[in-house]
Amino acid sequence: MREHYSLKKIIALFLFITSISFAQEQTPKNPVSIIGEFGINKHGTGDMSGYLYGLRVHKPISKKFEIIASFEANLNDGEDSPFIWEDPNGNIYDSTLHDVLAGFQLNAGIGFNFINSKRSKFGVNPSIFGRYQTNSVFSESSIDYPIITGMPFPIRYLIRHEPGRTYAVGGSIRLYYHYKINDRFLLGINPGLQTDSQGDTMLFTSLSFGIFL
């Protein structure tokens, strides 16, 4: 009886392990993906356009949810009103101001997938971030011309009311669509917006290319 009872336990254990293995084989794969992105953005009121780039990691925890972490950066630039002048000797100078804004940030958030099929994934990603930014834009600019100063060249006055280097925390929300090319690679598109504690806002759209680990 004891041998018969032990055999039953062995058979039951074998069936249990087999059923678990079969269930795992039937579960859709949710591999971790590392995704590079590059796109365009509009900073502030939209008067300074630029580029964004970054690296994102998607870690699925179920078919509906995933943890998303990323490093993101941007480079924006714009020109002030043209300022070209001529000295008494006939030499022409271009003194137009060229404004540059750049920053980088670390994001952490979650992804919720509205669609997660064999080939396509469409979802939304709310996140929080810490950001460093530097900005060459001045708050005020005025020019005194030679007819007023008596100098042979114009004099420009630049005034800054806000710091040129800032640290901020903020929040962003983006949509993402990923198309699975094969078991190794994906392509995607990611529109979104963000705002931070310094009052800076950004609208962006990027294209992405990723690899499954």
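- Side-chain contact between L101 and N74 is present, with heavy atoms from C-beta onward closer than 4.5 Å.
- Aromatic ring centres of Y177 and Y179: separated by at least 6.0 Å.
- The minimum heavy-atom distance linking D80 with T96 is given by the pair O-CG2, 3.6 Å.
- Here the side chains of V137 and M48 are in contact, with some heavy-atom distance below 4.5 Å.
- For the residue pair Q194 and S172, the shortest heavy atom distance occurs at CB-CB, 3.4 Å.
- Nearest heavy-atom pair, S95 versus R156, reported as atom, atom and distance to 0.1 Å: O-NH2, 2.9 Å.
- In this pair, Y145 and F83 present their aromatic rings perpendicular. The plane angle is above 60°, beyond the 30 to 60° band.
- Inter-residue side-chain proximity for E37 and L52 is flagged as met; some heavy-atom pair is nearer than 4.5 Å.
- The local environment of CZ in R165 is sparse, with at most 12 non-hydrogen atoms from other residues, nucleotides or ligands closer than 6.0 Å.
- Counting heavy atoms from C-beta outward, H58 and H178 have side chains that approach closer than 4.5 Å.
- At a threshold of 4.5 Å between non-hydrogen side-chain atoms, the residues K180 and D183 count as touching.
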For this session: Apply side-chain contact (heavy atoms from CB on, under 4.5 Å) to the pair H43 and D200, showing each step before the final yes or no.
Result: CA-CA 7 Å; H43 191 275; D200 290 317; 3.6 Å; yes

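- Proximity of the aromatic rings of F112 and F65 is defined here by a centroid distance below 6.0 angstrom, and this criterion is met.
- Between D196 atom CG and Q198 atom CD the span is 6.5 Å, to the nearest 0.5 Å.
- Clustering ILVMFWY residues whenever any of their side-chain heavy atoms sit less than 4.5 angstrom apart, transitively, puts I61 in a cluster other than the one holding I35.
- In this structure, L193 is not a member of the same hydrophobic cluster as I128, with clusters built from ILVMFWY side-chain heavy atoms closer than 4.5 Å.
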Exercise. Do L158 and L97 pass the side-chain contact (heavy atoms from CB on, under 4.5 Å) test, and can you show the C-alpha distance, the side-chain angles, and the key distance before you say yes or no?
Worked result: CA-CA 10 Å; L158 300 173; L97 288 179; 3.6 Å; yes

For this session: Take S208 and N190 through the side-chain hydrogen bond (donor to acceptor under 3.5 Å, both in side chains) test and state the conclusion after the steps.
Result: CA-CA 8 Å; S208 56; N190 316 276; 3.3 Å; yes

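- Residue Y51 qualifies as open at atom OH: its count of foreign heavy atoms under 6.0 Å is 12 or below.
- When all heavy atoms of T195 and F129 are compared, the closest pair comes out as O-CZ, 3.5 Å.
- Between R56 and E72 a salt bridge is recorded (basic side-chain N to carboxylate O distance below 4.0 Å).
- A donor atom on one side chain and an acceptor atom on the other are not found under 3.5 Å apart for N135 and R160.
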For this session: Assess whether side-chain contact (heavy atoms from CB on, under 4.5 Å) is satisfied between S49 and I40, documenting all intermediate values.
Result: CA-CA 7 Å; S49 60; I40 56 175; over 6 Å; no

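- In this structure, I147 places its CD1 atom where only 12 or fewer heavy-atom neighbours from other residues, nucleotides or ligands lie under 6.0 Å away.
- Ring-centre distance between Y132 and F104: below the 6.0 Å cut-off.
- Going from atom NZ of K42 over to atom OG1 of T201 covers 12.5 Å, rounded to the nearest 0.5 Å.
- Remark: I159 pairs with E140, H161 by the side-chain contact (heavy atoms from CB on, under 4.5 Å) rule, at least two apart or across chains.
- Side-chain contact between D77 and H98 is present, with at least one heavy-atom pair separated by less than 4.5 Å.
- What you find for P88 and P152 is that their closest heavy atoms are CD-O, 3.6 Å.
- Placement of I189 and I181 within a single hydrophobic cluster is found when ILVMFWY residues are connected by side-chain heavy-atom separations under 4.5 Å, directly or transitively.
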For this session: Tell me, with the steps shown, if K64 and N116 meet side-chain contact (heavy atoms from CB on, under 4.5 Å).
Result: CA-CA 7 Å; K64 282 291 186 182; N116 191 0; over 6 Å; no

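- Under the 3.5 Å distance criterion, with hydrogens and angles disregarded, no donor-acceptor pair is assigned to the side chains of S127 and N125.
- With sequence neighbours left out, D87 forms a side-chain contact (heavy atoms from CB on, under 4.5 Å) with W85, N89, N91, Y93.
- With rounding to the nearest 0.5 Å, the separation of CG in N107 from CZ in R174 is 7.5 Å.
- The closest donor-acceptor contact from the side chain of S197 to the backbone of V169 lies under 3.5 Å.
- Annotation: side chain to side chain donor-acceptor pair (under 3.5 Å) contacts of Y167 (sequence neighbours excluded): none.
- Each of L175 and M202 belongs to its own hydrophobic cluster when Ile, Leu, Val, Met, Phe, Trp and Tyr are linked at side-chain heavy-atom distances under 4.5 angstrom.
- F209 and I211 fall within a single hydrophobic cluster, where Ile, Leu, Val, Met, Phe, Trp and Tyr are joined by side-chain heavy atoms under 4.5 Å apart, directly or via other members.
- For the residue pair L75 and A102, the shortest heavy atom distance occurs at CD1-CB, 3.9 Å.
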